[in-house]
Amino acid sequence: MNKPSTPWKRKDLLGLEELTVEEIQLILNTAESMKEILQRPIRKVPTLRGKTVVNLFLEPSTRTSSSFDLAAKRLSADTLNLSVKTSSVQKGETLLDTVRNLEAMKLDVLVIRSSSSGAPYFLARRLTAGVVNAGDGLHEHPTQGLLDLLTLRERFRRLRGLKVLIVGDVAHSRVARSNIWGLTKVGAEVSICGPPTLLPMEVERFGVKTFTDLDKALREADVVYVLRLQLERQARYMIPSLREYAQLFGITRFRLRQARRDIVIMHPGPINRGVELDPDVADGPWSVILDQVTNGVAIRMAVLYLLCGGEAGESD
Amino acid sequence: MTERYLLTGGRVIDPEGGKNEETDLLIQENRIVKIGSLRKTLVKSAQIIRAKGLLIAPGLVDMHVHLREPGREDEETIESGSKAAARGGFTTVCCMPNTEPPLDDQGKIRLIYDRATPFARVFPFGAISKGIQGKELTEVGDLFRAGAVALSDDGSPVANAELMRRVLEYSRLFDLPVVDHCEDPALSFEGVMNEGYTSTRLGLRGIPNASEEIMISRDLHLAALTKGRLHLAHLSAAGSVALLREAKRKGLAVTGEVTPHHLTLTDDALLSFDTNAKVKPPLRTRADVEALRTGLADDTIDVIATDHAPHTSVEKEVEFDLAPFGMVGLETALGIVLTELVSTGRLGLAKALAAMSTNPSKILKFPYGRVVVGGLADLVFIDLKKSWVVNPDQFASKSKNTPLVGRHLKGKAVHTLVNGSFALRDGRLVEPKEGND
């Protein structure tokens, strides 16, 4: 494993926008060591014994919350999983009060998922515990961006110059934002494609290329990152129907004839099968979607480990 | 026996009359009785106030504040807001009717006058629509007779063009200005900040400039149709300035206003998700700020008004989407305008003071905003060289929601004289005497 040039100094992991390339590499390298643990017959190490990780998910989530929970457990941390229903937010308590009470019970890391952009930043400034952003509104989902980078690095070795096309609702996607930051930082070439209603304002200033013609965009791509279409977009006139969206921007086997044969398909899940992605593509040889999920656990182990003061290379 | 004050050696500035000279000023009861070099010995029984090195200007007039009374006295009261006004150099403030309940009938207008304190003159605006629901016109004649000085549904746009048309027509009966909160609600929808690069970066929902510009276009057409008096509140977008400039060129009876924060801050102030910089209309880009400054300098925009919008820390210490819009402004406005606009040469001193006193007085037909013999002694004494740091703990306002915490400013109100009595003396609030007007 590569020796990191910079040790981890941050209390929190809030977004990929603020990370340096070296910090990103450090997390990815640490995650590779964690993957090794996951391949052992006994997939547990005592590294974070006595540490407490609280997963506060104020938005429904299965994949990310399970992934964080498992990651903490693999490292022997104690975990507490709270959702909207089990927290006091529904009783009118503010998020800050909820979290301060949890901190009073001595937690080391708070993992927070919120529908409000910036919520983890708001909490991180007010807590001494570490804060991990597990998705905030439309803003960032840094562990998703990192697990995607890890998946691509495993597949391609070299990320510089890799052509990644992100397709779909970029405007409302925290996954897209974190991926754009992460990929551009490591030197990949990022394009986005979708109807103009779902592409954010002035997105070119992030250094990405914009397409509205999917076939044209596909021809240039090494990787297609398919975003989930939130079904409520129709109500705000952003798409006329799911049917038309699928026709214009759905990734199908037929569509992929425009692309290189060894193209790689990614998706953050959960998939709307038959809308943004056809089942035979999702389950086909192009897909690394389940590798993404596996890598998610490793990335989250690495992040928890680094935030709890570990140094890369000493994870076991 | 009422007091006589002899103010000696100050630089007296009357923007309207073009006066700007070092001289003396004699105040008796509540009026200015003499301006000019006065021998101290000849002025008997007058208290002498040395004003050497200070600017003596018309007391500032803020035609856009939220005093939150009745209903949200935890955020602000007429008394606390009036004290904040005095600390900021304001002698007159106009409170917006979007209280709980709204100021939509004569009783509620009278309540404002009943609760006013001698720290500042307070004039209420009456609501355009009952309950600020945008449906039924209020009894405008009743509001006028009770003392409403303008009409506004501020906080909400008048979405219905027919209602807007009718209020512009009907208000002509009383020559009342209609103060317009320009926003297309469908375009703003769930937006919480300016739409552009920064909103894309932060993943916050945006409000495009077009939301404001479209409403302004509509209402300028309605002003032309009705000959009503339209005043555009809190302009934020470059295109809005262009629309107002064009309307004035055509001779429409329309005026406009801008806040100190829209003149000096951009949406970069939100990069830390600071809810105290969450305002409506939103802070926009450098290009918009430049257009607003140009509009003020070339007389397209008439007024600087604070849109002082107090909110408690309970309301603001939450996730960005959940925080209410608004920031306080009464106690920082003068310092910000002097530091960012006047001392940088973007705006002449007299013009800045006119925008904060004379011009709003003219729009609302107030006898304030002047320093003339026979005029009311509503004055602010400004130390242009005074450096200070914004510290909300010192605010008289009940609310501390400002993104300017820690900002170094130069220029501050030292004394504020309301109706011939000190409300602020040497930077400290003093209980003024109830004067006769």
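Proteins get letters first, then strands, A, B, ... in listed order; numbering begins at 1 in each.
Contact tally against chain A (heavy-atom pairs below 4.5 Å) for B:L204, B:T275, B:L322, B:V318: the top residue is B:V318.
To the nearest 0.5 Å, atoms CG (B:D274) and CZ (A:F122) are separated by 11.0 Å. Separation of atoms OG1 (B:T198) and CE (A:M201) is listed at 11.0 Å; rounding is to 0.5 Å. Between B:L202 atom CG and A:D136 atom CG the span is 9.5 Å, to the nearest 0.5 Å.
Screening A:E17, A:R177, A:E202 against B:R201 for a side chain to side chain contact (heavy atoms under 4.5 Å, CB included) leaves a single residue, A:E17.
Panel note: side chain B:T200, backbone A:V203; no donor-acceptor pair is recorded below 3.5 Å.
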- Task: Verify side-chain contact (heavy atoms from CB on, under 4.5 Å) between A:S117 and B:R205, making sure each step is shown before the conclusion.
- Result: CA-CA 9 Å; A:S117 300; B:R205 287 183 167 80; over 6 Å; no

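The aromatic rings of A:H139 and B:F273 sit perpendicular, their planes meeting at an angle over 60°, well past the 30° parallel limit.
Pairing each heavy atom of B:E319 with each of A:S116, the nearest pair is CB-OG, 3.2 Å.
Around atom NZ of A:K11, more than 12 heavy atoms belonging to other residues, nucleotides or ligands sit under 6.0 Å away.
For A:Y121 and B:F320, the gap between ring centers reaches or exceeds 6.0 Å.
Neither the backbone nor the side chain of A:S173 comes within contact range of chain B, judged by heavy atoms closer than 4.5 Å.
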